[in-house]
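Worksheet: the structure to be examined is printed underneath.
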Protein chains: 2
Amino acid sequence: MKKKASLSEDCLRNIRAMKDAQDLLSGKWKIAIIGSLHYNERLRFTDLGRHLEGIAPKVLSKELKDLEMNHLLKRTVKNTTPITVEYELTQQGKSLKKVVEAMSNWGVQYRKSIASK
Amino acid sequence: MKKKASLSEDCLRNIRAMKDAQDLLSGKWKIAIIGSLHYNERLRFTDLGRHLEGIAPKVLSKELKDLEMNHLLKRTVKNTTPITVEYELTQQGKSLKKVVEAMSNWGVQYRKSIASK
DNA sequence: CAGAATCCCTGGGGATACTG
DNA sequence: CAGTATCCCCAGGGATTCTG
């Protein structure tokens with residue numbers, strides 16, 4: 001016999017899922033990084049920096065490592081002189097498309113609604 | 001005459017929008033809070049806490065204030081004894097639906113893909 | 001170019017106890 | 001019930017300089 005649980009297990013599961021997502025995307029830059037790669041397919045370290053406006057190389061480096069560890073993006077060293085490195089989303093990373101787009105759209109919307117006040 | 005800019009203004013705009021969103025939703029709990037209210041319509045302080053599993057009241061209180069300041073949720077004091085307070089999403093807050101759902105779905109997906117490894 | 005090394009510092013976040 | 005009040009701590013993040 002089913003009763004409505006006061007705290008649906010379903011609901012808790014979803015909330016945990018959201019927390020998971022936010023944890024992996026924690027920090028001030030990760031979403032933006034994923035977003036950049038979402039719009040640009042593949043980027044090099046410095047180019048990525050240019051997209052992010054104001055991020056320090058150390059921080060960028062660390063964020064990239066985090067994302068790589070979670071298999072959201074892939075790092076490729078090109079054998080050129082000088083050496084270049086390319087970053088691109090993995091399949092996992094690409095699966096964030098919906099999230100990235102939702103946030104982007106919402107952000108644009110939000111700016112408008114603030115501006116019109 | 002249109003030329004492809006090396007750093008599309010469009011792209012930067014989107015990235016900024018994402019940063020905006022992430023800033024408003026910064027911290028470990030905001031998304032989860034929005035999510036809870038997305039699934040439950042309206043909740044009281046303590047109930048909200050129950051959904052979030054492990055959050056300290058001080059922290060919850062602060063997160064709620066932040067969200068309220070950004071007009072993402074509304075606080076209502078009920079004239080009961082003892083006093084009760086209800087939180088619910090504003091229209092602004094509800095507009096985050098897409099974001100919340102995207103993150104939730106992705107989180108569930110991600111858990112599976114990790115578990116199956 | 002792609003980072004690593006250093007130094008620094010605030011504030012986000014937690015634990016616990018208390019109150020109207 | 002719905003929060004405050006305190007105390008505390010570390011890591012996220014920044015600025016700058018250096019290197020293979």
Side-chain angles (χ1 to χ4, degrees), chain A residues 6-7 15-16 18-34 36-37 40 42-70 72-88, chain B residues 6-7 15-16 18-34 36-37 40 42-70 72-88:
Chain A
S6 57
L7 245 183
I15 293 175
R16 278 190 218 108
M18 281 183 256
K19 277 215 61 172
D20 286 354
Q22 183 159 47
D23 285 351
L24 288 182
L25 302 175
S26 67
K28 299 172 58 174
W29 299 101
K30 294 213 179 68
I31 293 270
I33 291 174
I34 305 263
S36 299
L37 290 169
N40 291 280
R42 73 193 339 122
L43 286 171
R44 301 200 325 231
F45 189 85
T46 310
D47 288 337
L48 211 29
R50 264 189 271 283
H51 280 79
L52 300 178
E53 304 181 302
I55 191 172
K58 179 193 126 187
V59 176
L60 177 53
S61 167
K62 189 235 171 194
E63 298 292 67
L64 289 173
K65 271 177 194 157
D66 289 351
L67 292 171
E68 199 188 350
M69 277 188 50
N70 291 321
L72 298 181
L73 55 78
K74 191 176 54 168
R75 198 183 94 112
T76 315
V77 180
K78 295 284 190 178
N79 192 14
T80 54
T81 46
I83 218 172
T84 58
V85 178
E86 286 185 349
Y87 292 90
E88 62 188 313
Chain B
S6 56
L7 246 183
I15 293 176
R16 277 189 218 109
M18 282 182 255
K19 277 215 61 173
D20 286 354
Q22 184 159 45
D23 286 349
L24 288 184
L25 303 174
S26 67
K28 298 174 59 176
W29 301 100
K30 295 213 178 71
I31 293 270
I33 291 174
I34 304 263
S36 300
L37 290 170
N40 291 282
R42 72 192 338 119
L43 287 170
R44 302 200 321 232
F45 189 85
T46 310
D47 289 337
L48 210 30
R50 266 189 271 282
H51 281 78
L52 300 178
E53 303 181 303
I55 191 171
K58 178 194 125 183
V59 176
L60 177 53
S61 167
K62 189 235 171 192
E63 298 292 65
L64 289 172
K65 272 178 193 159
D66 288 352
L67 292 170
E68 200 188 349
M69 276 189 49
N70 292 321
L72 297 182
L73 56 78
K74 190 175 56 169
R75 199 183 95 113
T76 314
V77 180
K78 295 283 191 182
N79 193 12
T80 54
T81 47
I83 216 171
T84 57
V85 178
E86 287 186 348
Y87 293 90
E88 62 188 314

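Reminder, nothing fancy here: chain letters follow the sequence lines and each chain counts from 1. Quick caveat, the model's predicted, so the values are computed rather than measured.
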Would you list the atom pairs, donor with acceptor, under 3.5 Å between side chains in residues 57-66 of chain B and any protein atom, with sequence neighbours excluded?
| residue | atom | partner | partner atom | Å |
| --- | --- | --- | --- | --- |
| B:Lys62 | NZ | B:Asp66 | OD2 | 3.4 |
| B:Glu63 | OE1 | B:Lys30 | NZ | 3.2 |
| B:Asp66 | OD2 | B:Lys30 | NZ | 3.4 |

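- Extent of DNA chain D lying under 4.0 Å from chain B heavy atoms, first and last nucleotide in 5' to 3' order, is D:dC1 to D:dC7.
- In this structure, the separation between CZ on A:Phe45 and CD1 on A:Ile83 is 13.5 Å, given to the nearest 0.5 Å.
- Of the residues in residues 75-85 of chain B, B:Arg75, B:Pro82, B:Ile83, B:Thr84, B:Val85 come within less than 4.0 Å of DNA chain D through at least one heavy atom, sorted by number.
- In this structure, the separation between CG on A:Leu25 and CD1 on A:Ile31 is 4.5 Å, given to the nearest 0.5 Å.
- With sequence neighbours left out, A:Arg42 forms a side-chain hydrogen bond (donor to acceptor under 3.5 Å, both in side chains) with A:Glu86, A:Glu88.
- With rounding to the nearest 0.5 angstrom, the CG atom of A:Leu48 is 11.0 Å from the CH2 atom of A:Trp29.
- Taking OG of A:Ser36 as the reference point, atom CG of A:Leu52 lies at 4.5 Å (rounded to 0.5 Å).
- Between B:Gly27 and A:Phe45, the residue anchored closer to the 5' end of DNA chain C is A:Phe45, taking for each the nucleotide with the nearest heavy atom.
- Rounded to 10 degrees, the angle separating the terminal axes of the helix from C:dC1-D:dG20 to C:dG20-D:dC1 is 60°, with each axis obtained from five end pairs.
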**OP:** Could you walk me through whether A:Asp47 and A:Asn40 pass side-chain contact (heavy atoms from CB on, under 4.5 Å), step by step?
**Re:** CA-CA 10 Å; A:Asp47 288 337; A:Asn40 291 280; over 6 Å; no

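- Residues passing the side-chain contact (heavy atoms from CB on, under 4.5 Å) test with A:Leu24 are A:Asn70, B:Trp106, B:Tyr110, sequence neighbours excluded.
- Taking 4.0 Å as the cutoff to heavy atoms of chain A, we find the contact window on DNA chain C bounded by C:dC1 to C:dC7.
- For residues 72-83 of chain B, the set of pairs meeting the side chain to side chain donor-acceptor pair (under 3.5 Å) definition, not counting sequence neighbours, comprises B:Thr80-B:Thr84.
- Partners of A:Asp20 under the side-chain contact (heavy atoms from CB on, under 4.5 Å) rule, at least two apart in sequence or in another chain, are B:Arg111.
- Legend: residues meeting side-chain hydrogen bond (donor to acceptor under 3.5 Å, both in side chains) with B:Glu68, ordered by chain and number and at least two apart, are absent.
- When each of B:Thr46 and A:Lys58 is assigned the nucleotide of DNA chain D with its nearest heavy atom, B:Thr46 is the one assigned upstream, toward the 5' end.
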